Amino acid sequence: PTVVPKPAIPAPAAWQQPTGATGEVQIHRVSKSFGALKVLDDISLTVPSGDVTVILGPSGSGKSTLLRSINHLEKVDSGFVTIDGDLLGYREKGDTLYELKEAEILKRRVDVGMVFQTFNLFPHLTVLENVIEAPVTVRRQSKAAATQDALALLARVGLSDKAHAYPRRLSGGQQQRVAIARALALKPKVLLFDEPTSALDPELVGEVLDVIRDLARSGTTMVIVTHEIGFAREVADTVVFMDSGRILEQGPPSQVFTAPKHARTAEFLAKVL
Ligand code: ADP
Ligand code: MG
(Lines give C-alpha, C1' and ligand atoms only; values in the text may rest on other atoms or scores of the structure.)
(Ligands and ions follow the chains in the order given, each with its own letter.)
Protein backbone atom coordinates (compact mmCIF):
# COMPACT_ATOMS: atom_id res chain seq x y z
CA PRO A 1 0.00 0.00 0.00
CA THR A 2 1.15 3.53 -0.71
CA VAL A 3 1.21 6.48 1.64
CA VAL A 4 -2.02 8.47 1.61
CA PRO A 5 -1.89 12.27 1.93
CA LYS A 6 -4.18 13.75 4.55
CA PRO A 7 -4.13 17.47 3.74
CA ALA A 8 -7.35 18.14 5.65
CA ILE A 9 -5.64 17.62 8.99
CA PRO A 10 -4.45 20.80 10.71
CA ALA A 11 -0.79 21.68 10.94
CA PRO A 12 1.24 20.18 13.78
CA ALA A 13 2.30 23.69 14.88
CA ALA A 14 -0.74 23.80 17.15
CA TRP A 15 0.34 20.86 19.29
CA GLN A 16 1.05 21.31 22.93
CA GLN A 17 4.29 19.84 24.16
CA PRO A 18 3.91 16.73 26.29
CA THR A 19 4.72 16.99 29.99
CA GLY A 20 7.72 14.67 29.76
CA ALA A 21 6.30 11.70 31.63
CA THR A 22 5.03 8.78 29.57
CA GLY A 23 1.55 7.98 28.44
CA GLU A 24 0.11 11.40 27.82
CA VAL A 25 -2.71 11.20 25.29
CA GLN A 26 -3.73 14.26 23.33
CA ILE A 27 -6.82 14.08 21.15
CA HIS A 28 -6.78 17.09 18.93
CA ARG A 29 -9.97 18.18 17.15
CA VAL A 30 -10.97 14.71 16.01
CA SER A 31 -14.04 14.25 13.82
CA LYS A 32 -15.39 11.09 12.26
CA SER A 33 -18.51 10.29 10.25
CA PHE A 34 -20.03 7.03 9.11
CA GLY A 35 -21.89 8.10 5.99
CA ALA A 36 -24.15 10.98 6.99
CA LEU A 37 -23.82 10.19 10.71
CA LYS A 38 -21.29 12.37 12.54
CA VAL A 39 -20.08 10.07 15.29
CA LEU A 40 -17.25 12.24 16.61
CA ASP A 41 -17.74 15.98 16.32
CA ASP A 42 -14.57 17.99 16.91
CA ILE A 43 -13.38 16.15 20.03
CA SER A 44 -10.38 17.48 21.94
CA LEU A 45 -9.19 15.90 25.15
CA THR A 46 -5.92 15.56 27.01
CA VAL A 47 -5.26 12.65 29.34
CA PRO A 48 -2.20 13.58 31.39
CA SER A 49 0.43 10.97 32.04
CA GLY A 50 -0.56 8.65 34.90
CA ASP A 51 -4.14 9.89 34.98
CA VAL A 52 -7.34 7.88 34.71
CA THR A 53 -10.07 9.33 32.53
CA VAL A 54 -13.48 7.70 32.60
CA ILE A 55 -15.79 8.26 29.64
CA LEU A 56 -19.52 8.08 30.23
CA GLY A 57 -22.38 8.54 27.86
CA PRO A 58 -25.45 6.92 26.38
CA SER A 59 -25.24 4.08 23.90
CA GLY A 60 -24.31 5.37 20.45
CA SER A 61 -22.70 8.57 21.73
CA GLY A 62 -19.34 7.67 20.14
CA LYS A 63 -17.39 6.31 23.12
CA SER A 64 -16.09 3.18 21.41
CA THR A 65 -15.27 5.06 18.23
CA LEU A 66 -13.27 7.58 20.25
CA LEU A 67 -11.29 4.83 22.00
CA ARG A 68 -10.65 3.11 18.67
CA SER A 69 -9.45 6.41 17.22
CA ILE A 70 -6.77 6.68 19.90
CA ASN A 71 -4.92 3.62 18.60
CA HIS A 72 -5.86 4.20 14.96
CA LEU A 73 -8.17 1.18 14.78
CA GLU A 74 -10.56 3.82 13.49
CA LYS A 75 -9.26 6.19 10.87
CA VAL A 76 -10.57 9.69 11.63
CA ASP A 77 -11.70 12.20 9.00
CA SER A 78 -9.86 15.11 10.57
CA GLY A 79 -7.79 15.87 13.61
CA PHE A 80 -5.17 13.61 15.14
CA VAL A 81 -4.05 11.87 18.31
CA THR A 82 -0.62 11.87 19.92
CA ILE A 83 0.90 9.68 22.62
CA ASP A 84 3.68 11.57 24.38
CA GLY A 85 3.71 13.90 21.42
CA ASP A 86 4.14 11.11 18.89
CA LEU A 87 1.63 10.47 16.13
CA LEU A 88 0.51 6.87 15.97
CA GLY A 89 -1.01 6.54 12.50
CA TYR A 90 0.75 9.31 10.61
CA ARG A 91 4.04 10.93 9.90
CA GLU A 92 4.29 14.65 9.36
CA LYS A 93 5.95 16.44 6.50
CA GLY A 94 5.56 20.18 6.44
CA ASP A 95 1.97 20.99 7.23
CA THR A 96 0.66 17.65 6.07
CA LEU A 97 0.15 14.34 7.80
CA TYR A 98 0.63 11.19 5.78
CA GLU A 99 -0.89 7.94 6.87
CA LEU A 100 1.66 5.27 7.67
CA LYS A 101 1.64 1.81 6.19
CA GLU A 102 -0.20 -0.82 8.19
CA ALA A 103 3.01 -2.59 9.27
CA GLU A 104 4.37 0.65 10.72
CA ILE A 105 1.07 1.39 12.47
CA LEU A 106 1.11 -2.10 14.00
CA LYS A 107 4.57 -1.45 15.40
CA ARG A 108 3.52 1.85 16.95
CA ARG A 109 0.24 0.48 18.26
CA VAL A 110 2.08 -1.48 20.97
CA ASP A 111 2.17 1.78 22.95
CA VAL A 112 -1.59 1.56 23.41
CA GLY A 113 -3.08 -1.53 25.02
CA MET A 114 -6.78 -2.19 24.61
CA VAL A 115 -9.22 -4.34 26.55
CA PHE A 116 -12.62 -4.98 25.02
CA GLN A 117 -16.03 -5.84 26.39
CA THR A 118 -15.74 -9.34 24.95
CA PHE A 119 -12.43 -10.80 25.95
CA ASN A 120 -11.27 -11.92 22.49
CA LEU A 121 -8.79 -14.51 23.76
CA PHE A 122 -7.44 -17.05 21.28
CA PRO A 123 -9.48 -20.17 22.10
CA HIS A 124 -6.88 -22.62 20.81
CA LEU A 125 -4.08 -21.17 22.98
CA THR A 126 -3.57 -21.61 26.72
CA VAL A 127 -3.68 -18.61 29.04
CA LEU A 128 0.12 -18.36 29.03
CA GLU A 129 0.30 -18.74 25.24
CA ASN A 130 -2.33 -15.99 24.88
CA VAL A 131 -0.22 -13.62 26.97
CA ILE A 132 3.14 -14.29 25.25
CA GLU A 133 1.79 -14.32 21.69
CA ALA A 134 2.14 -10.59 20.93
CA PRO A 135 5.41 -10.00 22.83
CA VAL A 136 7.00 -12.81 20.83
CA THR A 137 5.54 -11.96 17.42
CA VAL A 138 5.30 -8.15 17.60
CA ARG A 139 7.99 -7.17 20.12
CA ARG A 140 10.28 -10.02 19.05
CA GLN A 141 10.90 -10.97 22.67
CA SER A 142 12.43 -14.39 23.26
CA LYS A 143 9.95 -17.01 24.34
CA ALA A 144 11.80 -17.49 27.63
CA ALA A 145 11.77 -13.79 28.50
CA ALA A 146 8.15 -13.39 27.41
CA THR A 147 7.15 -16.39 29.53
CA GLN A 148 8.89 -14.97 32.58
CA ASP A 149 7.10 -11.63 32.14
CA ALA A 150 3.78 -13.35 31.46
CA LEU A 151 3.96 -15.42 34.64
CA ALA A 152 4.58 -12.25 36.65
CA LEU A 153 1.60 -10.58 34.97
CA LEU A 154 -0.62 -13.59 35.62
CA ALA A 155 0.38 -13.39 39.28
CA ARG A 156 -0.51 -9.72 39.28
CA VAL A 157 -4.03 -10.45 38.02
CA GLY A 158 -4.37 -13.39 40.42
CA LEU A 159 -4.24 -16.19 37.84
CA SER A 160 -0.93 -17.95 38.42
CA ASP A 161 -2.73 -21.27 38.76
CA LYS A 162 -4.44 -20.90 35.36
CA ALA A 163 -1.36 -20.45 33.16
CA HIS A 164 -1.85 -23.76 31.36
CA ALA A 165 -5.65 -23.72 31.20
CA TYR A 166 -7.59 -22.99 28.00
CA PRO A 167 -9.88 -19.93 27.98
CA ARG A 168 -13.10 -21.99 27.76
CA ARG A 169 -12.31 -23.47 31.17
CA LEU A 170 -12.24 -20.00 32.77
CA SER A 171 -15.04 -17.80 34.05
CA GLY A 172 -15.74 -14.54 32.25
CA GLY A 173 -14.02 -12.62 35.03
CA GLN A 174 -10.93 -14.78 34.75
CA GLN A 175 -10.91 -14.44 30.97
CA GLN A 176 -11.09 -10.68 31.25
CA ARG A 177 -8.19 -10.69 33.71
CA VAL A 178 -6.17 -12.71 31.19
CA ALA A 179 -7.08 -10.13 28.54
CA ILE A 180 -5.73 -7.41 30.83
CA ALA A 181 -2.49 -9.37 31.40
CA ARG A 182 -2.22 -9.83 27.64
CA ALA A 183 -2.60 -6.09 27.06
CA LEU A 184 0.03 -5.34 29.72
CA ALA A 185 2.47 -7.81 28.19
CA LEU A 186 3.29 -5.35 25.41
CA LYS A 187 4.31 -2.79 28.05
CA PRO A 188 1.95 -0.13 26.70
CA LYS A 189 2.21 3.50 27.73
CA VAL A 190 -1.56 3.79 27.80
CA LEU A 191 -4.36 1.31 28.48
CA LEU A 192 -7.82 1.68 26.99
CA PHE A 193 -10.81 -0.21 28.40
CA ASP A 194 -14.08 -0.39 26.49
CA GLU A 195 -16.82 -1.43 28.94
CA PRO A 196 -14.58 -4.13 30.43
CA THR A 197 -17.24 -5.47 32.79
CA SER A 198 -20.40 -5.09 30.71
CA ALA A 199 -20.37 -8.70 29.49
CA LEU A 200 -19.81 -10.19 32.94
CA ASP A 201 -22.23 -11.73 35.39
CA PRO A 202 -22.66 -9.28 38.29
CA GLU A 203 -20.75 -11.45 40.76
CA LEU A 204 -17.65 -11.40 38.50
CA VAL A 205 -17.49 -7.62 38.00
CA GLY A 206 -15.64 -6.95 41.26
CA GLU A 207 -12.60 -9.11 40.54
CA VAL A 208 -12.00 -7.31 37.22
CA LEU A 209 -12.51 -3.86 38.74
CA ASP A 210 -10.01 -4.82 41.47
CA VAL A 211 -7.34 -5.43 38.83
CA ILE A 212 -8.10 -2.16 37.02
CA ARG A 213 -8.07 -0.30 40.35
CA ASP A 214 -4.63 -1.77 41.10
CA LEU A 215 -3.38 -0.50 37.73
CA ALA A 216 -4.86 2.93 38.38
CA ARG A 217 -3.05 3.14 41.72
CA SER A 218 0.24 2.15 40.12
CA GLY A 219 0.07 5.21 37.87
CA THR A 220 -0.84 3.62 34.54
CA THR A 221 -2.39 6.11 32.14
CA MET A 222 -5.86 4.81 31.35
CA VAL A 223 -9.00 5.73 29.47
CA ILE A 224 -11.96 3.69 30.65
CA VAL A 225 -15.44 3.56 29.17
CA THR A 226 -17.70 2.19 31.87
CA HIS A 227 -21.15 2.53 33.37
CA GLU A 228 -19.82 1.56 36.81
CA ILE A 229 -20.36 4.94 38.46
CA GLY A 230 -19.15 3.93 41.92
CA PHE A 231 -15.92 2.66 40.41
CA ALA A 232 -15.53 5.79 38.29
CA ARG A 233 -15.98 7.97 41.35
CA GLU A 234 -13.23 6.04 43.06
CA VAL A 235 -10.53 5.81 40.36
CA ALA A 236 -11.14 8.64 37.91
CA ASP A 237 -9.09 11.79 37.92
CA THR A 238 -11.39 13.12 35.23
CA VAL A 239 -14.86 12.11 34.13
CA VAL A 240 -15.92 12.96 30.60
CA PHE A 241 -19.56 12.90 29.54
CA MET A 242 -20.21 12.34 25.84
CA ASP A 243 -23.44 12.77 23.94
CA SER A 244 -23.99 12.64 20.17
CA GLY A 245 -20.29 12.66 19.36
CA ARG A 246 -19.44 15.60 21.54
CA ILE A 247 -17.93 16.10 24.96
CA LEU A 248 -20.68 17.88 26.88
CA GLU A 249 -18.69 18.27 30.04
CA GLN A 250 -15.66 17.06 31.90
CA GLY A 251 -14.31 17.47 35.39
CA PRO A 252 -13.32 15.65 38.56
CA PRO A 253 -15.83 13.00 39.65
CA SER A 254 -16.71 15.03 42.73
CA GLN A 255 -18.01 17.76 40.45
CA VAL A 256 -19.51 15.83 37.53
CA PHE A 257 -21.36 13.33 39.72
CA THR A 258 -22.64 15.71 42.35
CA ALA A 259 -23.13 18.94 40.42
CA PRO A 260 -23.27 18.20 36.69
CA LYS A 261 -23.28 21.38 34.63
CA HIS A 262 -25.34 19.95 31.82
CA ALA A 263 -28.94 18.75 32.00
CA ARG A 264 -28.11 15.80 29.71
CA THR A 265 -25.44 14.62 32.16
CA ALA A 266 -27.84 14.81 35.07
CA GLU A 267 -30.47 12.93 33.08
CA PHE A 268 -27.97 10.19 32.17
CA LEU A 269 -26.68 9.86 35.74
CA ALA A 270 -30.21 9.57 37.08
CA LYS A 271 -30.65 6.52 34.83
CA VAL A 272 -27.42 4.69 35.65
CA LEU A 273 -27.00 5.53 39.36
P1 ADP B 1 -20.92 3.96 21.94
O2 ADP B 1 -19.68 3.17 22.17
O3 ADP B 1 -20.97 5.25 22.71
O4 ADP B 1 -22.17 3.16 22.19
P5 ADP B 1 -20.13 3.89 19.16
O6 ADP B 1 -18.86 4.64 19.05
O7 ADP B 1 -20.03 2.41 19.18
O8 ADP B 1 -20.96 4.42 20.42
O9 ADP B 1 -21.08 4.27 17.95
C10 ADP B 1 -21.47 5.58 17.70
C11 ADP B 1 -22.38 5.60 16.50
O12 ADP B 1 -21.65 5.21 15.35
C13 ADP B 1 -23.54 4.63 16.61
O14 ADP B 1 -24.67 5.24 16.02
C15 ADP B 1 -23.10 3.45 15.79
O16 ADP B 1 -24.18 2.77 15.26
C17 ADP B 1 -22.26 4.11 14.71
N18 ADP B 1 -21.18 3.25 14.20
C19 ADP B 1 -20.15 2.76 14.92
N20 ADP B 1 -19.32 2.04 14.15
C21 ADP B 1 -19.83 2.07 12.90
C22 ADP B 1 -19.42 1.53 11.63
N23 ADP B 1 -18.30 0.82 11.50
N24 ADP B 1 -20.21 1.79 10.57
C25 ADP B 1 -21.34 2.53 10.68
N26 ADP B 1 -21.76 3.07 11.83
C27 ADP B 1 -21.03 2.85 12.93
MG1 MG C 1 -19.37 1.26 22.89
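All ligand and atom numbering here is 1-based and tracks the order in the structure. Source: prediction; values computed, not measured.
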F80 ring center near Y90 ring center (under 6.0 Å):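 Ring-ring flag for F80/Y90: false, centres at least 6.0 Å apart.
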Name the closest protein heavy atom to [atom], giving the residue it belongs to and the distance to 0.1 Å.
atom                    : result
atom 20 (N) of ligand 1 : F34 CE1, 3.4 Å
atom 4 (O) of ligand 1  : G60 N, 2.7 Å
atom 7 (O) of ligand 1  : S64 CB, 3.6 Å
atom 6 (O) of ligand 1  : T65 OG1, 2.5 Å
atom 3 (O) of ligand 1  : K63 NZ, 2.8 Å

Ligand 1 to V39 polar contact by distance, N or O atoms, under 3.5 Å: no
L184-L170 co-clustered via ILVMFWY side chain contacts under 4.5 Å: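 Yes; L170 is reachable from L184 via cluster members.
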Under a single-linkage definition using a 4.5 Å side-chain heavy-atom cutoff for Ile, Leu, Val, Met, Phe, Trp and Tyr, are Y166 and F119 assigned to the same hydrophobic cluster? no
Heavy atom under 4.0 Å from ligand 1: found in L37's side chain, backbone, both, or neither? side chain
Less than 4.0 Å is my threshold; does some heavy atom of P58 fall inside it relative to ligand 1?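 For ligand 1, residue contact (heavy atoms, under 4.0 Å) with P58 is present.
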Going by side chain to side chain contact (heavy atoms under 4.5 Å, CB included), R108 matches just one of I83, L100, D86. Which one? L100
For a side chain to side chain contact (heavy atoms under 4.5 Å, CB included) with E24, tell me which candidate from V47, T46, V190, T221 qualifies. T46
Does a salt bridge link R217 with D214, judged by any charged N lying under 4.0 Å from a carboxylate O? no
Going by atom types alone, do S218 and R156 pair a side-chain donor with an acceptor below 3.5 Å? yes
Sub-4.0 Å protein heavy atom near atom 15 (C) of ligand 1: no
Would S64 count as a contact for the Mg ion (ligand 2), in the sense that one of its N, O or S atoms lies under 2.8 Å from it? yes
